[in-house]
Amino acid sequence: MAQAAEQGELVPVIGLEVHVQLETETKVFCGCSTEPAEDEAPNTRVCPVCLGLPGALPVLNEAAVEAAVKVGKALDADIPEQTRFHRKNYYYPDLPKNFQITQYDAPLCADGTLSFSHEGDRHEVSVRRAHLEEDPGSIRHVRDGTQDLDVRTTSVDRADYTLVDYNRAGTPLMEVVTEPDFRDPAEVRAFLEKLEEVLEYLGVFDASRDGSLRIDANLSMIPGSEIRDDGTIPTETLESANRTEVKNISSHKGAQTALSYEESRQENLLRRGKAVEQETRHFNETHGNTISMRSKEEEKDYRYFREADLPPLQVAHWKEEIAIPELPDARRARFRDEYGLDEEAAAKLTSRKQVADFFEAVAAEFDPSVAATWVADNLLGELHYRDMTIDDVDDRLDEFMRLIELVDQDELTVKNAEETVLRAMLDEGVAPDEVIEREGLGKAGESEVVDAVRDAIEENPDAVEDYHEGEGGALNYLVGQVMQRTGGSADPGTVNELLRDELES
Ligand code: ADP
Ligand code: MG
Ligand code: ZN
């Protein structure tokens, strides 16, 4: 990398702070539900604790700690004997206590790693720390009667009034802070995808929940000549580089877009001899740009101090007791070994836990390579084309197995199975046998129709001659003859095609 660095070349350096909502039934310090009810009214999923009423005391949710320990183990992080909580003080209406309970000098997890693949290369990113904290509420600035979801662009001073909703307040969050190990916005996207996979395998995260993953992305540009031969960058260089922190990123794609924008914005400034301001910027998803929000806050601004309402937490024993399931990398390796799959198929089949489970269920009944082709190529391909996911067919495993069985037992052609039956199953939610019956696709049925076509041709030489002389009615007559012979069970379109094929051959 360093060798390639030309004189004057600037290289982006990126570090992330990823906020992950942990999936628990109740909030992290009270008994309120974390599950938004459908169309719930604001400020209905609240209690004195998450509203920060005077005298209300937090009680730590064991399930949140358990989930956080799982994440730590999956990141191969150090989990200390004892961890504790701090108050991070700041005044903002989404924070009813005027402080957030978080962790400071003794986070639950430190020094972890996460490896991922990007464009055929293996990358490993160091995770500096991952700690447990509470989510603030959410606010909406309203202007001319419209609630701007892009909260901080419609700044407070342009709003007529502001609404606040504490339903989200107190949802357990895990903040995962990486070292500045990324060199490319596209790497960030691949990392986030991998992180989500791991969280999903652990069963501690619901990606479909709105705002369940929120990212602050830090970027600075440094001279390529500063990168050492082994790819590392001196600490002094990292510390002295002016960086920006982009907030309000809520998707993998958004992270890449925001960082690409930031990279060229900073590069342009530096090329023109201007300085990059050390500041916090806001990502505007609609415009794909970032705008200045405020100068970067510093640690001392937050007046961290110990949360006296929560005793230090002994976690040493949990580390031993809490088991984590097989993770994506291990499962991919096993798929290669156990089922003889190639790397590409193994990767495709393990990227989501539900897909891997689905595949293994199929592979238990059929030849693994057949199962892999059906799940990885046919099913995932057709789902992708329809903007559907495995979640949409998770409960139709039996129907899918039946489809493969029909092909396996030679009752259905591969072509019909792929092109007609599977598609109808997905489009219309019908079972395979139903489609076969309706379309007359069963192989046995088909040969019966073929016989009828041959018979009709043999027994009606006049009509055949008329057909060849271009008489339009002749074909219809022959179709009628075939229908009669099959007792009307054949599909007229298919009969039409078969007749043409036979007559033209
Ligand atoms: P702060 O105290 O300002 O929050 P930290 O040292 O805690 O700064 O780092 C916060 C985030 O900034 C981390 O994700 C880290 O990887 C990232 N970071 C640190 N230095 C740089 C840099 N030079 N360029 C880009 N990101 C950086
Ligand atoms: Mg920080
Ligand atoms: Zn509550």
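FYI, side chains are in, hydrogens and waters are out, and symmetry mates aren't considered; it's all heavy atoms of this structure. Ligands are counted one by one from 1 in listed order, and the atoms in each one are counted from 1 as well. Residues: numbered from 1 along the sequence shown.
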For Ser220, take its heavy atoms, then give the atoms of ligand 1 lying under 4.0 Å from any of them.
22 (C), 23 (N), 24 (N), 25 (C)

Subset of ligand 1 atoms that lie under 4.0 Å from at least one heavy atom of Leu238
23 (N)

Rounded to 10°, how many degrees is the angle SG/Cys32-the Zn ion (ligand 3)-SG/Cys50?
110°

Answer yes or no for Lys97 and Phe99: cation-pi contact, defined as NZ/CZ to six-membered ring centre under 6.0 Å and angle to ring axis within 45°.
yes

Could you work out, for atom 1 (P) of ligand 1, the closest of Glu299, Arg243, Glu298, Glu245 by heavy-atom distance?
Arg243

Using a strict cut-off of 4.0 Å, indicate which atoms of ligand 1 neighbour a heavy atom of Thr178.
13 (C), 14 (O), 15 (C), 16 (O)

Please could you name the atoms of ligand 1 that Glu179 approaches to less than 4.0 Å, counting only its heavy atoms?
16 (O)

What are the atoms of ligand 1, with element, lying closer than 4.0 Å to any heavy atom of Arg128?
5 (P), 6 (O), 7 (O), 9 (O), 15 (C)

His141/Thr162 under side chain to side chain donor-acceptor pair (under 3.5 Å): CA gap, chis, key distance, verdict:
CA-CA 4 Å; His141 294 310; Thr162 295; 2.6 Å; yes

Answer yes when Glu262 and Arg265 have at least one side-chain N-carboxylate O distance shorter than 4.0 Å, and no when they do not.
yes

Opening angle between SG in Cys47 and SG in Cys30, taken at the Zn ion (ligand 3), to 10 degrees:
110°

Does Arg332 come within less than 4.0 Å of Asp329, counting only side-chain N to carboxylate O?
yes

Asn61 and Thr26: side chain donor to acceptor below 3.5 Å
yes

Considering distance alone, does some N or O of Pro180 sit under 3.5 Å from an N or O of ligand 1?
yes

Using a 4.0 Å heavy-atom cut-off, which part of Leu16 comes near ligand 1: side chain, backbone, both, or neither?
backbone

Give the atoms of ligand 1, by number and element, whose distance to some non-hydrogen atom of Val177 is under 4.0 Å.
13 (C), 14 (O)

Scan side-chain atoms only and decide if Thr244 and Gln266 contain a donor-acceptor pair under the 3.5 Å cut-off.
yes

Would you mind telling me which of Glu40, Arg45, Lys27 makes a side chain to side chain donor-acceptor pair (under 3.5 Å) with Asn167?
Glu40

If you measure from the Lys or Arg side-chain nitrogens to the Asp or Glu carboxylate oxygens, is any gap between Glu175 and Arg129 under 4.0 Å?
no

